[in-house]
Structures are given as C-alpha cells and as structure tokens.
Amino acid sequence: MRSLAIDLGGSRVKLGVVEDGRVLCSTVLEAHADAGLVPLLPRLEAACGPWLETMRPEAVGIAFPSLVDVDRRRILGHNAKFADYARVDLTAWCRERLGLPLCMDNDANAAALGEGTWGCAADTGDFVLMILGTGIGTAAMMNGRLVRGRHYQAGDLMGHIPLRVDGRPCAGCPGVGCAEAQASTWALPLMVREAAGDSPLKREKQVDFRVLKRYCDAGDPLARRVFEECCAYWANCLVALVYAYDPEVVVLSGGVLNWGPALSERLETLVRERVWTPWGQLRFRVAEQPEHSVLLGLHALCAQAERPGT
C-alpha cells in the first residue's frame, strides 16, 4: 500500500508518500508551531493535493510531537507545540479534506516503528531510540512490540527525565533541569548565551546545530564546550533508556544527526563509559536517513491498521 505521511515537528513539518519502506517523494514546510495547528492545515492541504491525484495514497499517518492515544486517534497534550490541537478533529479533517482514513502516533514512536520495520533496527526486536529534533524524543521496542503503557507515555518521556536539580525550566513539561531543557535545539540559544566566555557565536541572530557545527569546525572553544555539554546530557538520557528497557541496540535519529559521525561516535563513547551492561556490549546504530524515520514509521502504522491483529 501507499501512505501519505505527515510529521508535525516543532520547527519543520516533513511530508511524504511512502510505499513498502521507500519514501517516493517528500517535502518540508516551516511548522510555525507556536501559531497553532489551525493555520497550518490549509498549507498541508496545498502540499498534499498534487500527491493525492498522482500518487493515490490509501491512508494518511500523522505524527505529533507529544503524547497520542493511538487507539482513539486523539492528541493527549500539546507539549508547548500546536497548543490549539483540541480545536481540530484530525480524523474528520483527513476524511473530508484528504479523503483518507487516519492513523496517528507520537513522533518518536513512529520513528521507532520505521527503523524497526525497514531501517537500521530491523534485525532486532529489542532496541531504544532517541530522536534529536527541536526537542528530544524517545521510544522503546521490547520483544518486537512498541512499549506504550497504560496512558500512552511509556518510553516517550525520557527526554524529560530530570538531570539537573538547579537547571532550566522546561518549555514542554512542568519540570526543571530535564534532558530537553538542558540540551536540545530549542534550548541551544540559552546554552550559548549562558556559557562562560565570549565568542562571535553569542552574536549570531539564530543559533541552531548547523551554526554550532560551523563554529566547532572552526575551532571555537565556546562552541566545543557547548557541543560536549549536549553530548553529556544526551548520553545520560541514553543510559537511563538502557537501564529502563534493557535493549540490545541503541538507535539515534532526528535532524540533529545530520551533524555527522562525530556526534554519534561521541555519544557511543560516552554511553559505553557510563553504562553498566554485565550481559555484554550494546550495539549502536544511526538511522540511514534520519529525516525519514518518522515517515517510514507512519507508513508501518497505516499498514498495521490494514491488517488488524498484527
């Protein structure tokens, strides 16, 4: 089957048509998540319209950057992104405006489904995933099944595990000093501003990981310290995932992984230094196409809906 996949990220919306584990076509829109979901819908319709006619998808999968009731296709919280979600009946919108049935999931869960079905974790039923995007998404697969929990939050919220008692307030949860508040794309400008010492990086109008990498590659000491701080927090978050879900494989995905091998290799080194796995060595994998993990997973979710009981 073919699926229309829509990944509602905090910074960007990724859309594509997927068939049998292949993204046939894709595009990216600016999310403007702070403006809400309602003004985004006409832009989504315009982007998807040509595909509906030429590609003829049979279902649409939507990933949301917060908790999702997969069974009832309901968003359970907005996590400071698309705060007007309760005003939108996405099931009705998909049926009336796109003419397709809807499947929904949390974005990290979708990424895990994608990597576990067609991607870098297809050879194991026991892995954890961290997706580094605007925030930090996590998911866990145990015995070949995605861990969801009674309230659809098991595995998803490790990016909000408290790591520093005197840390920053989080923009997406009530906590202080959680992993995402200490090291994420949205927290990065705060990290740079608060870092000791001076650097031209502090005078950049926009600071994201592409900008940070440019300064790191140029040998900027402040940029290097910020990079190391991010890696330290992310590694501690991964250690917590390993202790909670006992995986064989750790999967890394998300747009920040476009940094290149230096990032994934640093995380692997730090985790191996800090984790206790007396049973043996963890294996580490990086999504081959980090920007497509969620799209692939949404397609897997739609395919499962076509085969009830699987």
Legend entry - Between CH2 on residue Trp259 and NZ on residue Lys213, distance to nearest 0.5 Å: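 NZ of Lys213 is found 6.5 Å from CH2 of Trp259.
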
Legend entry - Approximate separation, where rounding is to 0.5 Å, of Asp105 CG and Asp7 CG: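 Nearest 0.5 Å value for the CG-CG distance: 11.5 Å.
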
Got a sec, which residues hit side chain to side chain contact (heavy atoms under 4.5 Å, CB included) with [X], two or more places apart in sequence or on another chain?
X	answer
Glu194	Arg168, Leu190
Glu228	Arg224, Arg266
Glu96	Ala92

[X], [atom1]: over 12 other non-hydrogen atoms inside 6.0 angstrom:
X	atom1	answer
Trp276	CH2	no
Arg210	CZ	no
Glu288	CD	no
Asn143	CG	no

Less than 4.5 Å apart, any side-chain heavy atom of [X] and any of [Y]?
X	Y	value
Val38	Tyr85	no
Ile131	Thr138	no
Cys230	Phe209	yes
Thr124	Met141	no
Trp51	Cys25	yes
Pro221	Ser199	no
Asn258	Glu291	yes

Legend entry - Residue pairs involving residues 39-54 (criterion salt bridge (charged side-chain N to carboxylate O under 4.0 Å, His left out); sequence neighbours excluded):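 Checked against salt bridge (charged side-chain N to carboxylate O under 4.0 Å, His left out) - neighbours excluded - the pairs reaching residues 39-54 are Glu45-Arg97.
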
Legend entry - Residue pairs fulfilling salt bridge (charged side-chain N to carboxylate O under 4.0 Å, His left out) with at least one residue in residues 119-142, sequence neighbours excluded: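 Found Asp123-Arg283, Asp123-Arg285.
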
Check [Y] with [X], please: is the shortest side-chain N to carboxylate O separation under 4.0 Å?
X	Y	answer
Arg74	Asp89	no
Glu268	Arg272	yes
Asp217	Arg214	no
Asp20	Arg22	no
Arg203	Asp198	yes

Decide whether [X] and [Y] meet the rule of one side-chain donor and one side-chain acceptor closer than 3.5 Å.
X	Y	result
Thr185	Thr134	no
Ser184	Trp186	yes
Tyr215	Glu204	yes

If hydrophobic clusters are built by linking Ile, Leu, Val, Met, Phe, Trp and Tyr wherever their side-chain heavy atoms come under 4.5 Å apart, do [X] and [Y] end up in the same one?
X	Y	result
Ile161	Tyr152	no
Leu15	Leu298	no
Val68	Leu41	yes

Legend entry - By side-chain hydrogen bond (donor to acceptor under 3.5 Å, both in side chains) - contacts of Gln153 (at least two apart):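 side-chain hydrogen bond (donor to acceptor under 3.5 Å, both in side chains) check on Gln153 returns nothing, list empty.
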
Inset, instruction - Answer yes if the ring centres of Phe227 and Trp234 are under 6.0 angstrom apart, and no otherwise. - result: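 Between Phe227 and Trp234, the centre distance exceeds or equals 6.0 Å.
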
Inset, instruction - Look at the aromatic rings of His299 and Trp118 and report parallel, tilted or perpendicular, splitting at 30° and 60°. - result: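 Plane angle under 30°, so parallel.
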
Legend entry - Check: Val128 main-chain N/O paired with Tyr245 side-chain donor or acceptor under 3.5 Å: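 Looks like no, no N/O pair under 3.5 Å.
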
